Structure formats: C-alpha cells, structure tokens
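Just below is one structure, and these are the notes that go with it.
A, B, ... follow the sequence lines: proteins, then strands. Residue 1 opens every chain. All figures in this text were calculated on a predicted structure; none of them were measured in a lab.
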Amino acid sequence: MSFRPPKGTYDVVAGASQPISDPQIWRSLLGEWEVWAERFGYPLTMTPVFESTELFERGVGGSSEVVTKQMYTFEDKGGRSITLRPEGTAGVVRAFLNAGGQGAWKGAYSGPMFRYERPQKGRYRQFWQVGVEYLDAEAPDADSEVIELGYRYLTAVGVPGLELRLNSLGDSECRPAYLVQLSTYLNDRREKLCEDSVDLIDVNPLRVLDCKVCEPYLTDAPEMTDNLCDACRDHFQSVKTSLEALNIPYVQDPRLVRGLDYYTRTAFEFIGTELDAAQNAVGGGGRYDGLAESIGGRRTPGVGLALGVDRIVIALGSAEAASIDVYIVSESGAGDALLAASVLRQDGLRVDFDTEGRSVKAQFRAATRSGAGTTLVMGGLDKPVDVRTGGSRLTMPLEEVSDWMNATL
RNA sequence: GUGGCCGUAGCUCAGCCCGGUUAGAGCGCCAGGUUGUGGCCCUGGAGGUCGCGGGUUCAAGUCCCGUCGGUCACCCCA
C-alpha cells in the first residue's frame, strides 16, 4: 500500500491492532462526554477547525511554543493567512463575541486540533480534544464547577491514578511585579540555566520554572502563590475551599505553568499517574480573564477546560465489547439472511450476517468472532429458526425472535 | 529542532552479527476433517517488489553509502 495516514495522524477503524484505533473506546468516550457536558449545563458548540492566523497569535500568545513553532498555517486562495486550530478556546471565545454574547454563557466542544510537532506516543499532529468554556463568569465557583466537570468525567470513564494539580498564576495586578522578581532571580543564576531557559527569561520567565533540567537550581525560586494580590489570593482560596467541599482531591503545585499565554489566576492539570510522564497530562485548563480583550473584544472573564481524548484512550487501554446482538447463519443462502436480518433490525436489534455465500462452518466462525450473544440458524425463509444463546437452543418462527430476546435478555 | 531504535506475508515478528540451492513462524484469511452444523484440536491452501536507490561481490533480505517512512525519547504539550 503506497499511502499511509500523514505523519502524526492515525485512523480509527475496526480491526486495527492498536488501542488508539479502537472504535468502541472512542464511541463510548465521546458519548460519555456529551452526557456529562449536558449534565453541567454546557450545550454543544461548534466552531471552524480553521481560523484567521491572527486570532491565535493574539489569543494564545506570541511567546507560547504552540504559536511560534507548531501552527499549521497556510495562505488560502484569497490571500488570507489561515491556521488550523491548535486549541479550542480562542475560537469559542471569538464565536461568543461575534454572537454579541451578554451575560454568563456556557459551551462544550469536541473535535480535532492540530499542532505541527514531532509525533510520539500520546502526541499527534491531529489530536482530539473535548472541552468547555464558561464565559462572562468571574466568580471562583465557576472555576470549581469547570474543574468538577473534568474530574467527574475522567473518573466516570475510569482513568487510572487520576490526580488534579492546581495553581494560581495571578493577574495583571500582581503578576507583573512577581515576574520582575522572578526575572531578577533567574538572571542571577543565568550561567546555571540551560540555553532554552535563558532565552525564556525575557520572553516568559514563568515557563523556566517548568524546565526539568534547571529544576535543581531553582528550588528557592520565588513562587507566584506567595506573591498574589488580595483579590487573587481570595479567589484561589475560594476555589480550593469549594473543591474540598465537593470532595475533589487536589495537589497544589506552585510550579504548574501552562503552555498557553492567556491563563490568569487558576490553572490546573489532570494527570494520569499510571502513564509515562511524557504523556501523562490527560487534560488541563484554567482562567483567562484577558483573552477576550486581547482579540479585540470587550472584557470577558472566563474559565475553561480541555481534555485530550487520545491520551485518555491510551490511559484506558483496549476493552472488549460486543457490537452486535445477533449473528445469522443461513443454510439457504445470503439472500434469506438479508431478509431475516431486516426483520430483526427493524425491531431494533443489532444484527450481522455473511453476504459472501461462505460455508456454514465459516459463518459459524464469523458468529463467534462477532461477539454476538445469540446465533440464529435458518434453513429457509418459511422455516422456523434455530436460536442459540450460550448453551441453550430453541426453535421458533422468525417473527417471534425479537420478542423472545427482549423478554429473556 | 536534537538523539536512539526499527522497516521481511493482512497483523506481530524470526532470519542479518559469521553473505550462498525454491525466504520462515505465530495469528488472521479460504477449504476440508472432527464436533450435538461454530468456538478446542487436526490437515491442506492462498498470500512476500525482503521500504526505495546506488555500491561491494561470482553471489546481497544479510555488508557499505544515500534516501524515504515508522517509532520512542528530549523539548513542549492534551
């Protein structure tokens, strides 16, 4: 085969050997997401997968790795600079502003994101995120609710070793002074830091704290949470208090810095502690009170969450699940099976059979492999059918099969 | 952007280090046997440009160079 999926992408198809390609897991994760998002009052939101490049440059932020190195940017036939969305928040906020949104507003999204980077396990050029945004919401309980949604969902789908990490990044009131203090601290240790970190001091000193290489030299670095203004400290405290009241365990992590520039105050990450560190972040989010203004809108405080479905799939591994209820074995040809299947399908049963006219033996093998709990053997349209479930066998007219199954199973 | 490992059957891989008749295994697929018409087991069959291009050699899946692709890690992130 001369074509493969492009670098950093993959197919979700039946019969593939990798867990990441298992359609069953994807279907259940995406379905479960819709249930939980609606439970928390977040209606479906759909925005384009591509946007004006400038939206991301201004929204996500020029110092972020995502914008400087990882964007899929191209010029369309009209000469516009277009970028495949690297994350979901900027587009949703843009859509809210365009709709003239006023007052508290909620939206849930689910879809592919794109980042051009070297792929590896759990990191793809096209990857799937589900998330929510809560806009025009300033109070700390909004943060707590968003975090709770992520926590309940990840717990419900069964991510093993789930851990919530929490931090506050301050706001325009207290962060500038802290950054000066941090920069001074970092400049004093310039010789000890790695090359990348030195470059970051002037661009985004916060992210130096995240550098694993430099970590040993930064143990006494000043921390944002010790330098919050009163309003930010109160906000942070309130979020923590309500998480405790909700019985959601968290670990406060003063080094938690998110990769996107727009975060203010609350920042959090969900970690699957049983995954390798390289891909153990299954989700994250935070507050972004300045984002709307930075893309030219009115001030709109907001908080959001994004979960990486690819990584959740990896965390869960494969699961076996039957996808059909009945497999029909026909001794009188595929045409009869087609008609019998039609009857059962219209009754709501999930039914499959062999269209290729293979041997009865091969049909039985297919029945086994299909995972169907019931095998129906037929010898002709007007003859009674043989219904086998586990060890039991019964003979009945085709018309009675659906009722019988509903009654027994 | 940097580094390690790997490209042989539909899938997972052995064979390469120590070049040599028709390139193997398991699973899967097809047919048959056994069976309480299938699941276990047994027999047979189909299926391979050994990633691609050069080079060395009487001879290259095997050695050398290049190239493309995959994968994992660093970085960063979901």
Side-chain angles (χ1 to χ4, degrees), chain A residues 1-10 13 15-18 20-21 60 63-70 85-89 110-131 150 154 159 194-197 199-200 204 207-208 210-214 256-260 268-272 275-286 304-315 327-331 354 356-379 386 388 390-393:
Chain A
M1 186 49 166
S2 43
F3 290 107
R4 303 182 50 83
K7 192 180 184 75
T9 67
Y10 59 89
V13 287
S17 54
Q18 300 298 320
I20 193 82
S21 295
V60 177
S63 77
S64 68
E65 194 106 341
V66 169
V67 168
T68 54
K69 297 181 182 170
Q70 303 180 342
R85 63 180 182 193
E87 58 92 53
T89 302
S110 169
M113 307 294 162
F114 307 85
R115 291 181 197 171
Y116 189 89
E117 53 189 335
R118 274 295 263 282
Q120 68 189 61
K121 189 173 188 184
R123 193 179 71 180
Y124 305 98
R125 288 183 173 181
Q126 175 176 330
F127 58 104
W128 198 286
Q129 284 191 339
V130 297
L154 292 171
V159 171
C194 73
E195 206 173 306
D196 291 338
S197 288
D199 291 343
L200 276 172
N204 189 344
R207 279 178 48 211
V208 177
D210 209 23
C211 177
K212 288 156 198 146
V213 181
C214 302
L256 173 62
V257 178
R258 315 238 53 238
L260 311 182
F268 60 90
E269 246 169 40
F270 289 105
I271 306 293
L275 291 165
D276 293 333
Q279 70 275 355
N280 69 1
V282 294
L305 155 81
L307 305 175
V309 180
D310 311 72
R311 290 193 176 171
I312 297 173
V313 170
I314 290 171
Y327 196 96
I328 298 177
V329 171
S330 173
E331 298 177 294
D354 169 55
E356 304 305 304
R358 293 188 297 165
S359 68
V360 171
K361 173 170 183 157
Q363 292 182 56
F364 271 107
R365 298 193 67 191
T368 303
R369 272 185 289 102
S370 75
T374 300
T375 301
L376 187 155
V377 187
M378 60 185 300
D386 189 13
R388 307 182 182 192
S392 74
R393 302 179 175 199

Item checked: Donor-acceptor pair under 3.5 Å, A:R123 side chain vs B:C72 base -> no

Item checked: Euclidean distance, atom CG of residue A:N280 to atom C1' of B:A78 [Å, nearest integer] -> 11 Å

Margin query: Using a 4.0 Å heavy-atom cut-off, does A:G122 contact any base of the nucleic acid, only the sugar-phosphate backbone, or nothing at all?
Written below: base

Next item on the list: Verify the contact: side-chain N or O of A:R258 to OP1 or OP2 of B:A78, cut-off strictly under 4.0 Å; return yes or no.
Entry: yes

Next item on the list: Return no unless some side-chain N or O of A:R365 is found under 4.0 Å from OP1 or OP2 of B:C29.
Entry: yes

Next item on the list: Scan A:V377 against the nucleic acid and name what it touches under 4.0 Å (heavy atoms): base, sugar-phosphate only, or nothing.
Entry: base

Next item on the list: Grab the CZ-C1' distance between A:F114 and B:C77 for me, whole Å please.
Entry: 17 Å

Notebook entry, point to check: Does a side-chain N or O from A:R369 land closer than 4.0 Å to OP1 or OP2 of B:C29, or not?
Noted result: yes

Next item on the list: Could you check whether A:K361 gets within reach of a base, just the sugar-phosphate, or nothing at all, counting any heavy atom under 4.0 Å?
Entry: base

Item checked: Nucleotide forming a Watson-Crick or wobble pair with B:G1, both distances under 3.5 Å -> B:C74

Check: Paired with B:G20 by Watson-Crick or G-U wobble geometry, both distances under 3.5 Å: which nucleotide is it?
Finding: B:C58

Margin query: Suppose you measure atom C1' in B:C63 against the same atom in B:G19; what distance do you get, rounded to whole Å?
Written below: 7 Å

Next item on the list: Answer with base, sugar-phosphate or nothing: what part of the nucleic acid does A:A362 contact at a heavy-atom distance below 4.0 Å?
Entry: sugar-phosphate

Next item on the list: Could you pull out the closest heavy-atom pair between A:Q126 and A:P112, with the gap in Å?
Entry: NE2-CB, 3.5 Å

Item checked: Nucleotide B:A78, atom P - distance to CD1 of A:I271 in whole Å -> 10 Å

Check: Do the side chains of A:V257 and A:N204 get nearer than 4.5 Å, heavy atoms only?
Finding: no

Next item on the list: Give a yes or no on whether the backbone of A:R118 and the side-chain of A:R123 come within a donor-acceptor separation of less than 3.5 Å.
Entry: yes

Checklist line | Candidates B:C72, B:C75, B:G39 - which lies nearest the side chain of A:T368 | finding: B:G39

Notebook entry, point to check: Hey, does A:E87 reach any base, or is it just sugar-phosphate, or nothing, if we go heavy atoms under 4.0 Å?
Noted result: nothing

Notebook entry, point to check: What is the pairing partner of B:G69, taking Watson-Crick or G-U wobble pairs with both distances under 3.5 Å in any strand?
Noted result: B:C6

Item checked: Gap separating the CZ atom of A:R207 from the CD atom of A:E65, nearest 0.5 angstrom -> 5.5 Å

Next item on the list: Go through B:C74, B:A31, B:U37 for me and flag the one nearest to the A:R118 side chain.
Entry: B:C74

Notebook entry, point to check: Contact class for A:K7 vs. all strands (heavy atom < 4.0 Å): base, sugar-phosphate, or nothing?
Noted result: sugar-phosphate

Note to self: Just the rounded figure in Å: distance from P of B:C75 to NZ of A:K69.
What the structure shows: 12 Å

Margin query: Just the rounded figure in Å: distance from P of B:A78 to CG of A:L305.
Written below: 11 Å

Margin query: Determine whether A:F270 and A:V159 satisfy the following criterion, side chain to side chain contact (heavy atoms under 4.5 Å, CB included), listing intermediate values before the conclusion.
Written below: CA-CA 10 Å; A:F270 289 105; A:V159 171; over 6 Å; no

Next item on the list: Find which nucleotide of RNA chain B each of A:S359 and A:W128 is nearest to by heavy atoms, and output the residue with the more 5' nucleotide.
Entry: A:S359

Next item on the list: Considering only atom C1', compute the distance from B:C13 to B:C6 and round it to an integer number of Å.
Entry: 12 Å

Next item on the list: Indicate whether A:F364 forms a stack on B:G39; treat it as stacked only if centroid distance is below 5.5 angstrom and interplanar angle below 30 degrees.
Entry: no

Check: In whole angstrom, what separates A:D276's CG from B:A78's P?
Finding: 18 Å

Check: Which nucleotide in the list B:A78, B:U37, B:A73 gets nearest to the side chain of A:F127?
Finding: B:A78

Notebook entry, point to check: Closest to the A:K121 side chain: B:C75, B:U37, B:C72?
Noted result: B:C72

Check: At their closest point, which heavy atom of A:V329 faces which heavy atom of A:Q363, and how far apart are they?
Finding: CA-OE1, 3.4 Å

Check: C1' atom, B:A60 versus B:C50: distance in rounded Å?
Finding: 11 Å

Note to self: Can you check the distance between B:C42 and B:G28, where both ends of the measurement are the P atom (answer in whole Å)?
What the structure shows: 12 Å

Item checked: Side-chain heavy-atom pair A:V60, A:E87 within 4.5 angstrom cut-off -> yes

Notebook entry, point to check: What integer number of Å spans the C1' atoms of B:C16 and B:G61?
Noted result: 7 Å

Next item on the list: Sort out the partner of B:C29 for me: Watson-Crick or G-U wobble, both distances under 3.5 Å, none otherwise.
Entry: B:G45

Next item on the list: Between B:C76, B:C74, B:U37, spot the one nearest the side chain of A:Q120, thanks.
Entry: B:C74

Check: Which part of the nucleic acid, if any, lies within reach of A:V282 when heavy atoms closer than 4.0 Å are counted: base, sugar-phosphate only, or nothing?
Finding: sugar-phosphate

Item checked: Donor-acceptor under 3.5 Å (A:R125 side chain, A:T9 main chain) -> no

Margin query: Once hydrogens and angles are ignored, does a donor-acceptor distance under 3.5 Å link the base of B:A31 to the side chain of A:E356?
Written below: no

Next item on the list: Write down the distance separating the C1' atoms in B:A25 and B:G47, rounded off to the nearest Å.
Entry: 15 Å

Next item on the list: Describe the nucleic acid contact of A:Y124 in one word from base, sugar-phosphate, nothing, applying a heavy-atom distance below 4.0 Å.
Entry: base

Item checked: Separation between the C1' atoms of B:U62 and B:U2, rounded to whole Å -> 31 Å

Checklist line | Contact under 4.0 Å: A:S64 side-chain N or O vs B:C76 OP1/OP2 | finding: no

Next item on the list: Nearest whole angstrom, please: distance from the C1' of B:C77 to the CE of A:M113.
Entry: 14 Å

Check: Which whole number of Å gives the distance between the P atom of B:U71 and that of B:A46?
Finding: 34 Å

Notebook entry, point to check: Got A:W128 and A:V313 here, is their nearest side-chain heavy-atom distance under 4.5 Å?
Noted result: no

Checklist line | Whole angstrom value for the distance that separates C1' of B:G39 from OH of A:Y327 | finding: 14 Å

Notebook entry, point to check: NA contact type, A:Q363, heavy-atom cut-off 4.0 Å: base, sugar-phosphate, or nothing?
Noted result: nothing

Notebook entry, point to check: 5'-most contact on RNA chain B: A:R388 or A:A306, nearest heavy atom basis?
Noted result: A:R388

